[in-house]
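Quick caveat, the model's predicted, so the values are computed rather than measured. The chains referred to below are lettered A, B, ... by the order of the sequence lines, with proteins before strands, and numbering in each begins at 1.
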2 protein chains.
Amino acid sequence: MLGLLSLRPQTPYEITQQVRRSLDYCWPTPERSLYDQPERLVGLGLADVVTDREGRRRYQITDAGRVALRRWLERASPMPRFHNEPLLRVLFADQGSVEDLHRVLGAVRAHVAERLELGLAQMEPYLDDDGLFQERAHVVTIVADLVSRLLGALDDWAAEVEQVSADWDTTQAVGLTPQVRAMLDRLIDDGRTRVAQHRDV
Amino acid sequence: MLGLLSLRPQTPYEITQQVRRSLDYCWPTPERSLYDQPERLVGLGLADVVTDREGRRRYQITDAGRVALRRWLERASPMPRFHNEPLLRVLFADQGSVEDLHRVLGAVRAHVAERLELGLAQMEPYLDDDGLFQERAHVVTIVADLVSRLLGALDDWAAEVEQVSADWDTTQAVGLTPQVRAMLDRLIDDGRTRVAQHRDV
DNA sequence: CGGCGCAACCGCAATTTGCAGTAATGCGAT
DNA sequence: ATCGCATTACTGCAAATTGCGGTTGCGCCG
């Protein structure tokens, strides 16, 4: 919230737009709460409110707010958490049909394609070196890069699972088919390599 | 919840353990709510409660519960949402110091290594073909595969950002350095390829 | 046998959320 | 010109969720 206000003073509605457009990629937030938060910040002295020519309340960050934002950036961050309901459905796929499994995988892939398309449209303006938003191009690019990697991982995974499960005729007690076995071996191998690499550093 | 009970009847505490151990990867849940949900399921007739020899309430799924679970698997799934606070800190990194940025990237990499190690320990038993949990090995492996891919993406990304930002001496108005530019180009290129691929199918 | 710690839970206040509603503005069709 | 309808820009409220702290009982160590 303070981060958003640090970019420019905004009305509550503009904030909701901003969040829908960009923040949702890393921090999904119910719209309702976005209308209450700015008031809370005012109460804490971290933001104040000015009325602009259209008579709209426009919140802006105060000096205390900027300090609080900097403090927040200094503090240790909680680590990412993935709310992944399609994955949950795969975990319990043995309680449903093979079609259920394939449907959810297809939905994931369609979703990835849609998100990616949307994201591309948002990033393309940055390709012009003379765009208006260039002073934040570096952070925006880095963020987009992770989003793109995560979506890519999701897509690759869904594609592989589609393949692996293509010839299943039941979801239960499939156990370790050679393909699943290969998946498991690769996964453990990759994990070990990565952990080992980390220890070296 | 129903999914967990479908595996075997469980006490509320066992459920919390189970969730901590495995479900957290796709569905992080505050412990508190796990104690209320089973009662709610009983109210809906989807679970019932038996008292075992230790005098503990043990919840088990009813037939209605299994039907509800199957219905749930048939319905369209909400798509994944990533609560990624480190990414949020990168998005607003220009309000803080270069050290703040590097600290959060380091923390992410450490976290990935830790999670991976934990996950490996959990998956290794499945390598034995004669393990006890083999009837769910296929779904568990598939789930672990996505988790591993997502963690891998996170790690690769953090490593690249560490590299790209290694010689920054400010976080503000860095704009498109050649390295960031290359990142942007690759990202857009990858995205276009993937979207095009999706249209072909 | 007293103290300590941990496993296993639950009450409660405070916050958060979804949903439904509403007022204002634009805009195309009749 | 004006009617209907969609979209923008919010807000109230009831219900659900959550964090925090507390409790009980058990085992183990000194």
Side-chain angles (χ1 to χ4, degrees), chain A residues 1-2 4-5 8-24 26-44 46-60 68 72 75-85 88 118, chain B residues 1-2 4-5 8-24 26-60 68 72 75-85 88:
Chain A
M1 189 71 240
L2 281 173
L4 282 176
L5 295 182
R8 83 190 77 90
Q10 314 213 46
T11 70
Y13 186 69
E14 280 167 356
I15 292 166
T16 63
Q17 301 309 90
Q18 190 88 353
V19 167
R20 281 284 84 70
R21 209 151 18 81
S22 67
L23 236 72
D24 242 19
C26 41
W27 202 252
T29 315
E31 192 185 329
R32 185 60 183 82
S33 73
L34 297 173
Y35 283 98
D36 292 338
Q37 295 300 37
E39 258 327 303
R40 226 175 49 95
L41 292 182
V42 172
L44 294 168
L46 305 178
D48 53 24
V49 64
V50 289
T51 310
D52 64 10
R53 38 233 144 288
E54 285 108 34
R56 289 237 160 72
R57 281 168 306 130
R58 192 168 282 277
Y59 291 88
Q60 59 184 211
W72 174 70
R75 282 206 305 277
S77 169
M79 288 298 111
R81 342 190 87 233
F82 302 139
H83 280 243
N84 202 333
E85 190 168 324
L88 204 55
L118 229 144
Chain B
M1 190 70 240
L2 280 174
L4 281 177
L5 296 183
R8 83 191 75 91
Q10 314 214 45
T11 70
Y13 185 69
E14 280 168 356
I15 292 167
T16 63
Q17 299 310 89
Q18 189 88 353
V19 167
R20 277 289 83 71
R21 211 153 15 81
S22 69
L23 237 71
D24 242 20
C26 40
W27 202 252
T29 315
E31 192 186 327
R32 186 60 183 82
S33 71
L34 296 174
Y35 283 98
D36 293 338
Q37 296 299 41
E39 259 326 303
R40 227 175 48 96
L41 292 182
V42 172
L44 294 166
L46 305 178
D48 53 24
V49 64
V50 288
T51 309
D52 66 8
R53 41 233 142 287
E54 285 107 36
R56 288 240 160 69
R57 280 168 308 129
R58 192 169 281 277
Y59 292 89
Q60 59 184 208
W72 174 70
R75 281 208 304 278
S77 169
M79 288 298 111
R81 342 190 86 233
F82 301 139
H83 279 244
N84 202 332
E85 190 168 324
L88 204 56

Interatomic distance where [atom1] belongs to [X] and [atom2] belongs to [N] [whole Å]:
X: B:Y35; N: C:dC12; atom1: OH; atom2: P; result: 18 Å
X: B:E31; N: C:dC9; atom1: CD; atom2: P; result: 10 Å
X: B:R81; N: C:dT17; atom1: CZ; atom2: P; result: 11 Å
X: A:Q10; N: D:dT8; atom1: CD; atom2: C1'; result: 17 Å
X: B:Q37; N: D:dA16; atom1: CD; atom2: P; result: 11 Å
X: A:L34; N: C:dT17; atom1: CG; atom2: P; result: 9 Å
X: B:M1; N: D:dA16; atom1: CE; atom2: P; result: 18 Å
X: A:H83; N: C:dT17; atom1: NE2; atom2: P; result: 11 Å

>> Given C:dC10, C:dT17, D:dT18, identify the nucleotide with an atom nearest to the side chain of A:P30.
In response: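 Shortest atom-to-atom distance from the side chain points to C:dT17.
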> Hey, which of these two, B:E14 or A:D36, hits DNA chain C nearer its 5' end, going by closest nucleotide?
Replying inline: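 Closer to the 5' end of DNA chain C: B:E14.
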> So which heavy atom on A:D24 is nearest to which on A:P28, and how close?
Replying inline: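 Taking A:D24 first and A:P28 second, the nearest heavy atoms are OD1-CA, 3.4 Å.
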>> How close do B:Q18 and B:L4 get, counting heavy atoms only, and between which atoms?
In response: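 For B:Q18 versus B:L4, the nearest heavy atoms are CG-CD2, 3.2 Å.
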> Is the shortest distance from a Lys or Arg side-chain nitrogen in A:R40 or A:D36 to a carboxylate oxygen in the other one below 4.0 Å?
Replying inline: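 No salt bridge links A:R40 with A:D36.
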> So, is B:R40 near the phosphate of D:dT17, with a side-chain N or O under 4.0 Å from OP1 or OP2?
Replying inline: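 It does not, given that no N or O in the side chain of B:R40 lies less than 4.0 Å from OP1 or OP2 of D:dT17.
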> Between B:R57 and C:dC10, is there a side-chain N or O to OP1/OP2 distance below 4.0 Å?
Replying inline: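 B:R57 to C:dC10 OP1/OP2: side-chain N or O found under 4.0 Å.
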>> Using 30° and 60° as the class boundaries, would you call the ring planes of A:F82 and B:F82 parallel, tilted or perpendicular?
In response: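 Correct class here is perpendicular.
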> Does B:R32 make a side-chain donor-acceptor contact with the base of D:dG21, cut-off 3.5 Å?
Replying inline: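 Side chain to base: no pair present.
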